[in-house]
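Just so we're on the same page: letters track the sequence lines, and every chain starts at 1. Note that these values count all heavy atoms, side chains included, but never hydrogens, waters or copies made by symmetry.
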Number of protein chains: 2
Amino acid sequence: MSHQYPYQRPALATDIVVFAVDAADLKVMLIRRGIAPFENEWALPGGFVRIDESVEAAANRALKEETGLRDVFLEQLFTFGDVDRDPSTRVVSVAYFALVNVAGRWCAAGTDAKQAAWFSISDVPQLAFDHRIILDKSYRRLQDKLRYQPIGFELLPEKFPLRALQHVYEVVLDRRLDKRNFRKKILSYDFVVSTDEAEQNVAHRAAQLFRFDKKKYDRWTKKGLNFEL
Amino acid sequence: MSHQYPYQRPALATDIVVFAVDAADLKVMLIRRGIAPFENEWALPGGFVRIDESVEAAANRALKEETGLRDVFLEQLFTFGDVDRDPSTRVVSVAYFALVNVAGRWCAAGTDAKQAAWFSISDVPQLAFDHRIILDKSYRRLQDKLRYQPIGFELLPEKFPLRALQHVYEVVLDRRLDKRNFRKKILSYDFVVSTDEAEQNVAHRAAQLFRFDKKKYDRWTKKGLNFEL
DNA sequence: CCAAAAGTGTTAAAACTACACCCATGA
DNA sequence: TCATGGGTGTAGTTTTAACACTTTTGG
């Protein structure tokens with residue numbers, strides 16, 4: 001890496017795959033592009049990286065500007081660096097995926113996005129650029145990661161019944177899980193702690209609410225232990 | 001992502017962490033920098049991304065120019081995008097890790113590298129930029145990945161005795177493994193196939209040579225099965 | 001009292017761990 | 001014949017997978 005840089009530089013952007021789970025299934029947020037190229041087509045939220053901000057900061061900023069979301073779980077996915085990704089100019093894009101709990105949040109349209117909306121993962125329209133590839137890779141990563149890292153909690157409110165957590169696993173992994181085995185496994189981890197609260201306003205027996213204790217989890221991983229399933 | 005791009009662009013580079021295993025332990029390749037900043041200090045091989053090449057192509061080119069290595073296993077690790085990584089200018093770097101089988105290969109110095117050399121992972125000198133952080137992350141990733149993807153083979157010649165594979169696992173994971181359990185596990189995967197060849201010129205009973213069958217592995221993963229340990 | 005989901009144990013099969021000896025080969 | 005690593009099996013333990021009923025609550 002020289003401090004001289006005689007070559008023309010690629011543009012650098014971010015794209016963010018925002019996931020959420022609702023009562024039905026796994027959702028992704030898309031925006032309808034307000035400008036060319038691909039004007040009026042659906043795309044992932046994202047934007048260019050400025051010279052004075054980190055790439056991650058750029059992703060957070062784009063997310064806020066285009067969807068109104070902030071302070072969400074954001075993790076780097078992959079950098080897409082092919083030459084012809086963008087028909088108008090050379091753009092390298094650092095993709096992130098975000099996990100939000102959809103209950104209580106919503107999204108607003110912003111600067112160069114006319115519209116933002118949630119789509120079922122199984123019902124995504126045609127996307128601009130190589131965003132379909134980014135989405136697919138992101139989804140696979142989410143599935144893999146869910147199985148060995150405690151990230152399912154990021155798709156839920158702070159306090160949740162175990163059923164909701166199981167629902168997250170079921171819709172992300174796209175298969176049914178056994179209730180008893182699931183509870184046994186999750187409760188064997190002492191970083192999933194029960195609160196003394198219960199669900200409210202349900203038309204059946206109210207479930208106990210649980211919470212993910214990040215501090216306990218961190219201590220636990222330091223012992224070399226691994227979260228799984 | 002707009003086709004207009006009124007902002008100043010960060011420079012885009014790649015850095016590559018090249019791993020190899022020899023009889024003793026896990027090695028990383030470093031180059032001594034020929035130019036400022038950090039002239040004469042040790043650093044990861046790498047270089048800038050040109051406007052007309054993909055990021056991955058840039059990594060391969062840098063690798064060849066600086067170390068003489070080509071056609072090696074190369075996988076994207078992470079993109080380092082902090083503002084102050086490089087004291088002289090804003091540089092975002094896409095890091096890769098490479099796995100090579102050191103037997104039979106060597107490396108040459110190149111354009112802006114005065115010198116390239118292997119270092120034991122436990123004996124790495126001070127590094128330029130944030131390369132120590134890149135190296136650490138890369139090493140952790142290698143350890144994780146080795147446990148659930150068949151990449152150990154990339155550190156060996158095409159045909160190898162099982163002992164050599166076990167050695168790869170032991171030096172990368174930094175712990176001893178039981179020989180019988182290891183063989184049992186590995187041979188339970190039908191994509192590790194025995195050739196009818198044996199070691200030559202050894203001062204003891206010659207071991208049978210095995211080979212990783214990528215096609216069989218691909219078929220096998222399509223059934224949803226997972227390689228582990 | 002009905003509907004809906006909460007909560008709870010056991011058993012069989014599979015996977016994992018720990019462990020030690022004889023064999024083949026070349027020097 | 002000796003030194004070196006190749007190659008092999010078993011038993012105890014742990015983990016996983018499959019499976020169904022009773023309890024609580026609100027409507």
* Beyond-backbone contact of B:P150 with B:Y217, side-chain heavy atoms, under 4.5 angstrom -> yes
* Structure fact -> The reported gap from CG in A:L165 to CZ in A:F212 (rounded to nearest 0.5 angstrom) is 10.5 Å
* To do: Assess whether salt bridge (Lys or Arg N to Asp or Glu O under 4.0 Å) is satisfied between B:D136 and B:R140, documenting all intermediate values.
  => CA-CA 6 Å; B:D136 288 345; B:R140 241 173 293 127; 5.2 Å; no
* Report the distance from atom CZ of A:F160 to atom P of C:dA6, rounded to the nearest whole Å. => 14 Å
* In whole angstrom, give the distance that lies between atom CZ of A:R147 and atom P of D:dT16. => 12 Å
* Asked: Heavy-atom count around A:I133 CD1 within 6.0 Å, excluding the residue itself: above 12?
  -> no
* **Derivation of the side-chain contact (heavy atoms from CB on, under 4.5 Å) call for A:Q115 and A:I31** => CA-CA 5 Å; A:Q115 210 186 124; A:I31 58 149; over 6 Å; no
* Mutual orientation of the aromatic rings belonging to B:F153 and B:F160 [parallel < 30°, tilted 30-60°, perpendicular > 60°] -> tilted
* **Atom-pair distance (CZ on A:F182; P on C:dA5), nearest Å** => 17 Å
* Rounded distance (Å) that lies between atom P of C:dA6 and atom CZ of A:F210 -> 11 Å
* Geometric cation-pi criterion A:K27 and A:F19, 6.0 Å radius, 45° cone -> no
* Structure fact -> Under a 4.0 Å heavy-atom cutoff, the residues of residues 165-177 of chain B touching DNA chain C are none
* **Electrostatic pair B:E75-B:K145, nearest N-O below 4.0 angstrom** => yes
* Sugar-phosphate means primed atoms, P, OP1 and OP2; the rest is base. With that split, encode nucleotides 13-21 of chain C 5' to 3' as B, S or - using protein heavy atoms under 4.0 Å. => ---SBBBB-
Short N/O separations, protein against nucleotides 24-27 of chain D, under 3.5 angstrom:
none

* Is the distance between the ring centroids of A:F227 and A:W220 less than 6.0 Å? -> no
* To do: Nearest whole angstrom, please: distance from the C1' of C:dA4 to the CD of A:E199.
  => 11 Å
* Donor-acceptor side-chain pairing of A:D82 and B:S54 below 3.5 angstrom -> no
* To do: Let me know which of A:R180, A:K179, A:K185 forms a side chain to side chain contact (heavy atoms under 4.5 Å, CB included) with A:R183.
  => A:K179
* To do: May I ask you to verify if any side-chain N or O of A:R163 is less than 4.0 angstrom from the OP1 or OP2 atom of C:dA5?
  => no
